[in-house]
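Chain letters run A, B, ... following the sequence lines, proteins first, then strands; residues in each count from 1.
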2 protein chains.
Amino acid sequence: MDSIVQILKQNNLSVTEGRRKILSLFLNSNGALAHADIEKNTHSHFDRVTVYRTLQSFVDKGIIHTIPTSDNSIKYALCKDECGEGHHHDHHVHLVCTRCGNTFCLDNVVTPTVKLPRDYTIQQVEVVVKGICKACNNQ
Amino acid sequence: MDSIVQILKQNNLSVTEGRRKILSLFLNSNGALAHADIEKNTHSHFDRVTVYRTLQSFVDKGIIHTIPTSDNSIKYALCKDECGEGHHHDHHVHLVCTRCGNTFCLDNVVTPTVKLPRDYTIQQVEVVVKGICKACNNQ
DNA sequence: AAATATTTGCAACAATGTTTCTTTTTTTAT
DNA sequence: ATAAAAAAAGAAACATTGTTGCAAATATTT
């Protein structure tokens with residue numbers, strides 16, 4: 001069985017054309033995708049609402065996660081295995097390439113420990129690095 | 001001379017009612033503000049466009065900086081002295097309180113060093129911590 | 001293959017952000 | 001202090017992004 005179908009079934013999502021297509025976009029992209037990227041890649045074959053709902057359900061199931069940005073466009077990227085429904089473990093660093101504009105999850109870079117004063121409680125740490133990605137640096 | 005007027009003049013911005021008011025909101029708020037917060041605090045006394053333009057000019061001049069979020073609402077906070085026109089040095093950590101919803105710049109917490117593989121270049125590191133702020137923890 | 005459950009697409013709406021142009025306000029120079 | 005020049009504000013129109021309710025279509029279960 002197709003690994004795309006497998007992922008959907010494992011997460012109790014019915015297998016529909018839209019979900020298959022959108023999930024495959026994530027699997028075949030090494031960078032993060034925004035709603036607009038998906039619209040573009042599918043040539044708006046799916047209703048905008050469907051795309052929003054699909055992304056939301058993928059987030060809910062822990063298949064993808066959101067990446068914070070400063071430019072009012074939520075980006076989404078595949079989660080690694082440790083993520084599941086209701087709990088995300090995104091202990092990796094995100095890189096926004098200022099040359100090509102793509103966003104990547106640096107899965108091998110561990111989020112550094114942040115130490116806050118005693119009267120704060122840490123729940124989650126997000127690190128977004130702006131810089132130049134591998135591909136852009138090597139060209 | 002009023003410190004608000006002083007800041008505006010130092011940055012070659014003409015002193016208008018809107019800019020004075022919006023800058024004072026930042027000076028009197030310990031957390032970050034979003035466009036909507038400013039609208040609320042000014043009772044929409046200024047045109048929406050004016051607020052957008054004012055925020056943009058403050059960012060351009062290095063008076064405030066944006067904070068990345070995952071929820072499509074750009075937050076702005078005052079910059080410390082090291083920031084100037086064209087270059088921001090936001091080497092501090094941002095805390096989003098999951099209880100009160102406010103966002104704070106933790107100016108005394110130093111951004112941890114992130115080490116990337118050799119073929120990446122780091123330009124800026126943003127750290128956003130989700131957790132509980134001081135005030136919420138002490139109540 | 002039929003019944004049930006789920007998802008999709010559509011329409012309408014709400015919020016957020018941008019652009020152009022005219023009027024008003026601020027600054028500069030006299 | 002005032003007139004000229006420069007800058008900013010406001011208004012209108014538009015673009016983009018995201019949400020909700022509902023009927024039609026598709027997927028799953030039996």
Side-chain angles (χ1 to χ4, degrees), chain A residues 1-2 4-25 32-61 63-64 66-76 85 101 103, chain B residues 1-2 4-25 32-61 63-64 66-76 85 101 103:
Chain A
M1 179 165 64
D2 194 335
I4 289 173
V5 171
Q6 215 171 312
I7 294 172
L8 292 174
K9 295 219 164 179
Q10 273 166 11
N11 286 283
N12 287 308
L13 290 171
S14 27
V15 179
T16 64
E17 195 197 344
R19 289 182 179 157
R20 276 215 313 270
K21 178 63 183 162
I22 292 172
L23 182 50
S24 83
L25 285 179
L33 299 173
H35 176 94
D37 299 319
I38 291 164
E39 289 272 298
K40 207 181 301 159
N41 270 291
T42 57
H43 307 285
S44 300
H45 185 252
F46 305 102
D47 194 89
R48 222 152 43 82
V49 179
T50 301
V51 176
Y52 281 117
R53 287 195 277 227
T54 301
L55 290 171
Q56 190 53 57
S57 69
F58 285 2
V59 170
D60 291 343
K61 295 295 186 179
I63 301 172
I64 60 177
T66 59
I67 302 172
T69 66
S70 312
D71 70 343
N72 257 38
S73 81
I74 304 180
K75 302 225 165 173
Y76 301 87
E85 188 159 4
T103 302
Chain B
M1 178 166 61
D2 192 333
I4 288 174
V5 172
Q6 214 171 312
I7 294 173
L8 292 174
K9 294 218 166 179
Q10 273 166 11
N11 287 283
N12 287 308
L13 291 171
S14 28
V15 179
T16 65
E17 195 199 344
R19 287 181 180 159
R20 276 214 314 270
K21 177 65 183 160
I22 292 173
L23 182 50
S24 83
L25 284 180
L33 298 173
H35 176 94
D37 298 319
I38 290 164
E39 289 271 300
K40 206 182 302 161
N41 270 291
T42 56
H43 307 286
S44 300
H45 185 252
F46 305 103
D47 195 89
R48 221 152 42 84
V49 179
T50 302
V51 176
Y52 280 118
R53 285 193 278 226
T54 301
L55 289 172
Q56 189 54 56
S57 70
F58 285 1
V59 170
D60 291 345
K61 294 297 186 179
I63 300 172
I64 61 176
T66 60
I67 302 173
T69 65
S70 313
D71 70 344
N72 258 40
S73 80
I74 304 179
K75 302 226 164 173
Y76 301 87
E85 189 159 5
T103 301

- Note on the structure: When rounded to whole Å, the CD1 to P distance for the pair B:Ile74 and D:dT17 reads 12 Å
- Message: Mind checking if B:Arg19 touches a base, just sugar-phosphate, or nothing, with heavy atoms under 4.0 Å?
- Response: sugar-phosphate
- Item | Whole-Å distance separating the CG atom of B:Leu13 from the C1' atom of D:dA6 | 14 Å
- Any side-chain N or O of B:Asn72 less than 4.0 Å from the OP1 or OP2 oxygen of D:dG18? yes
- Starting at CZ of A:Arg48 and ending at C1' of D:dT20, how long is that distance when rounded to a whole Å? 13 Å
- Query: Is B:Thr16 near enough to D:dA9 that one of its side-chain N or O atoms lies under 4.0 angstrom from OP1 or OP2?
  - Reply: yes
- Task: Select base, sugar-phosphate, or nothing to describe what A:Arg53 touches, counting heavy atoms under 4.0 Å on all strands.
- Result: base
- Note on the structure: In whole angstroms, the gap separating C1' of D:dT28 from CG of A:Leu8 amounts to 14 Å
- Outermost nucleotides of DNA chain C that come under 4.0 Å of a non-hydrogen atom of chain A: C:dT6 to C:dG17
- Message: What is the distance, to the nearest angstrom, from the OH atom on B:Tyr52 to the C1' atom on D:dA15?
- Response: 12 Å
- Note on the structure: Separation of D:dT20 atom P from A:Asp47 atom CG, nearest Å, is 15 Å
- Task: Please identify each residue that fulfils side chain to side chain contact (heavy atoms under 4.5 Å, CB included) with A:Arg53, with sequence neighbours left out.
- Result: A:Val49
- Message: With heavy-atom distances below 4.5 Å as the criterion, would you say the side chains of A:Ile64 and A:Leu33 are in contact?
- Response: no
Distance-only donor-acceptor pairs under 3.5 Å for side chains of residues 15-23 of chain A, two or more places apart:
unit_1  : atom_1 : unit_2  : atom_2 : d
A:Thr16 : OG1    : A:Arg19 : N      : 3.4
A:Arg19 : NH1    : A:Ser14 : O      : 3.0

- Note on the structure: Which of D:dA12, D:dA9, D:dG18 is nearest the side chain of A:His35? It is D:dG18
- Note on the structure: Separation of D:dT17 atom P from A:Tyr76 atom OH, nearest Å, is 12 Å
- Task: Decide side chain to side chain contact (heavy atoms under 4.5 Å, CB included) for B:Lys61 and B:Gln10; before the verdict, give the C-alpha distance in whole Å, the side-chain angles of both, and the deciding distance to 0.1 Å.
- Result: CA-CA 10 Å; B:Lys61 294 297 186 179; B:Gln10 273 166 11; over 6 Å; no
- Query: Looking at side-chain heavy atoms only, is the closest gap between B:Leu8 and B:Phe58 below 4.5 Å?
  - Reply: yes
- Task: Would you indicate whether the side-chain heavy atoms of A:Asp37 and A:Lys40 approach each other to under 4.5 Å?
- Result: yes
- Message: Pick the closest DNA chain C nucleotide for A:Val49 and for A:Gly18 by heavy atoms, then say which residue is nearer the 5' end.
- Response: A:Gly18
- Query: What is the distance from atom CD1 of B:Ile38 to atom CG of B:Leu55, rounded to the nearest 0.5 Å?
  - Reply: 4.0 Å
- Item | Atom pair distance, as rounded to whole Å: CG in B:Asp71 and P in D:dT17 | 16 Å
